[in-house]
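Following: one structure in structure tokens, then a few remarks.
Each chain gets a letter, A, B and so on, in the order the sequences are listed, and its residues count up from 1. These numbers were taken from a predicted model, which means no experiment stands behind them.
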Protein chains: 2
Amino acid sequence: MRSTTRTTTTVTTVNVNGLRAASGKGYVEWLDATEADVVCLQEVRAEQKQLAAHVVEPAGWHVLWAPSTTAKGRAGVALLSRHEPQARRIGFGSDEFDGSGRYAEIDLPGLTVASLYLPSGEVGTERQDEKERFMGEFLDHLKALRERAASQGREVVVCGDWNIAHQEADLKNWKANQKNAGFLPEERAWLSRVFDEVGYVDTVRKLHPDVAGPYSWWSYRGRAFDSDAGWRIDYQVATPGLADRALTARVERAASHPERWSDHAPVTVTYDGAILPE
Amino acid sequence: MRSTTRTTTTVTTVNVNGLRAASGKGYVEWLDATEADVVCLQEVRAEQKQLAAHVVEPAGWHVLWAPSTTAKGRAGVALLSRHEPQARRIGFGSDEFDGSGRYAEIDLPGLTVASLYLPSGEVGTERQDEKERFMGEFLDHLKALRERAASQGREVVVCGDWNIAHQEADLKNWKANQKNAGFLPEERAWLSRVFDEVGYVDTVRKLHPDVAGPYSWWSYRGRAFDSDAGWRIDYQVATPGLADRALTARVERAASHPERWSDHAPVTVTYDGAILPE
DNA sequence: CCTGGCAAG
DNA sequence: CTTGGCAGG
């Protein structure tokens with residue numbers, strides 16, 4: 001579907017909070033207008049057969065669907081790419097999580113793109129234990145992914161809703177949230193390991209080091225969106241070689257409530273260098 | 001709140017299918033406009049504290065609420081009267097059903113009015129057994145009610161959603177529904193006993209003996225309302241002396257979909273003779 | 001305060 | 001097809 005040769009690659013990621021609802025509220029128009037080459041979706045919350053054909057197979061896109069097979073109407077990730085992937089993988093080798101609709105990858109020439117929906121968690125409940133188990137297993141995957149990609153000459157970007165704000169600048173009300181899931185010290189430390197120990201780079205923060213946010217999620221409760229009481233929990237976590245090629249990054253924050261079709265906003269990064277056909 | 005002396009008494013009954021939803025779709029305006037002296041509600045599906053004050057205690061009305069105490073958000077009946085009742089009763093002396101929000105009575109001078117929400121039932125399930133148990137116990141109550149009222153010099157009208165169509169004229173698709181709950185031979189026979197053996201009168205049918213319907217319920221499924229594929233399952237079941245005083249009866253069928261605030265329509269009967277203050 | 005599932009109607 | 005409750009977020 002390319003009509004001109006691009007010299008950049010744009011990747012966008014968004015938690016759609018139910019693709020059935022989002023499709024009736026502006027997602028379709030957004031996808032139609034996006035300049036992205038790859039789109040990562042999280043919280044699809046539907047199987048293909050529950051979605052309209054033009055949503056399941058939008059013209060001009062190759063799509064990998066990874067709905068939850070264990071909990072109907074929950075989680076679910078997808079990857080859309082204008083190029084046909086060389087390989088598609090669902091899950092990351094976890095007995096517990098591979099059917100949960102929380103992770104999928106596609107290989108493009110020179111680039112592996114992943115869509116991640118990390119469990120939200122809730123302090124004091126089994127759901128926090130689940131999140132921590134996921135984090136433990138996923139860290140190992142991130143290491144292996146990086147090594148495999150390097151051996152193949154590929155860069156990697158793991159896009160998605162990581163459900164953790166890393167630093168104080170990543171959420172408006174950080175003081176009040178230090179004991180809440182999403183900004184717990186142990187969760188923040190785990191993200192630090194992803195960056196400092198495994199060596200991935202938080203692309204948006206790299207390009208915008210000295211700002212609050214930009215937030216990518218605002219609770220539907222209260223007036224969080226209008227007062228910009230948001231969290232930056234949606235990331236493009238890239239290998240250093242790819243992060244060095246990041247040219248621009250932005251959060252596509254809707255201007256107002258009626259335009260919102262999710263409680264998250266798309267996080268879009270443009271990288272230098274085209275994805276060339278093989 | 002009466003400003004003139006009435007010489008008639010109007011009673012209306014309607015299954016509101018969730019008073020919270022109905023209140024936002026036209027119920028409030030309907031109540032404000034009604035000429036009725038007594039209003040019987042079924043399927044309120046809310047406790048008082050979940051409703052706005054002007055709905056719980058509308059100006060000019062005395063209200064008896066009987067929500068379900070056993071299943072939150074289910075069933076629930078109420079009685080509104082412009083006169084202050086002399087007595088109020090919830091339930092009919094049943095261990096199983098008195099807390100289920102399916103029956104309440106008020107005594108007015110010369111008249112007992114009841115609001116009934118008989119279980120819907122579903123063939124082949126425990127819910128049909130429940131309906132039949134209710135019918136068995138309730139028939140005894142109808143007998144006792146009639147005798148008590150007679151000894152007190154009161155007439156009786158049991159208003160509500162009986163969830164049974166009596167005869168072929170009482171539903172559009174009677175042939176297709178002979179094996180469905182609501183038009184089973186045993187249910188129809190039970191209603192016949194109410195009329196023929198216990199001696200109550202189906203007031204609306206008495207005034208309109210030779211018409212199809214008038215229906216009072218149309219499924220939300222398909223185009224039942226637009227094609228008038230309805231059922232007459234909401235009744236005013238009166239003692240003969242009161243039924244003889246019935247002057248007019250009508251179903252307040254909304255003209256079109258947007259005006260509907262329930263899948264049922266109010267059934268309104270005007271009886272000769274005023275409810276006088278004591 | 002939204003989502004989608006569910007039981008009930 | 002619609003209600004309200006529910007878990008999840």
Under 4.0 angstrom, heavy atoms only, what part of the nucleic acid is Gln50(B) near: base, sugar-phosphate, or nothing? sugar-phosphate
Nearest-nucleotide pick for Arg45(A), side chain only, options being dG4(D), dT3(D), dT3(C): dT3(C)
Quick check on DNA chain C: between Tyr220(A) and Ala46(A), whose nearest nucleotide comes earlier from the 5' end? Tyr220(A)
State, without any angle test, whether Tyr103(A) and Glu105(A) hold a side-chain donor-acceptor pair at a distance under 3.5 Å. yes
Proximal nucleotide (of dG4(D), dT3(C), dG9(D)) relative to the Ser120(A) side chain: dG9(D)
Just wondering, more than 12 heavy atoms not from Asp95(A) lying within 6.0 Å of its CG? no
Could you please name the option among dT3(C), dT3(D), dC1(D) that lies closest to any side-chain atom of Lys25(A)? dT3(C)
For a quick check of understanding: with a heavy-atom distance under 4.0 Å over all strands, which category does Asp263(A) fall into, base, sugar-phosphate or nothing? nothing
Of dG8(D), dG9(D), dT3(D), the nucleotide closest to the side chain of Arg74(A) is dG8(D)
For Ser256(A), all residues meeting side-chain contact (heavy atoms from CB on, under 4.5 Å), sequence neighbours excluded: Pro258(A), Glu259(A)
5' precedence on DNA chain C between Arg221(B) and Ser219(A) (nearest-nucleotide basis): Ser219(A)
Sequence-distant partners of Asp129(B), salt bridge (charged side-chain N to carboxylate O under 4.0 Å, His left out), two or more places apart: none
Name the nucleic acid region contacted by Glu122(B), choosing base, sugar-phosphate or nothing; use a 4.0 angstrom heavy-atom cut-off, strictly under. nothing
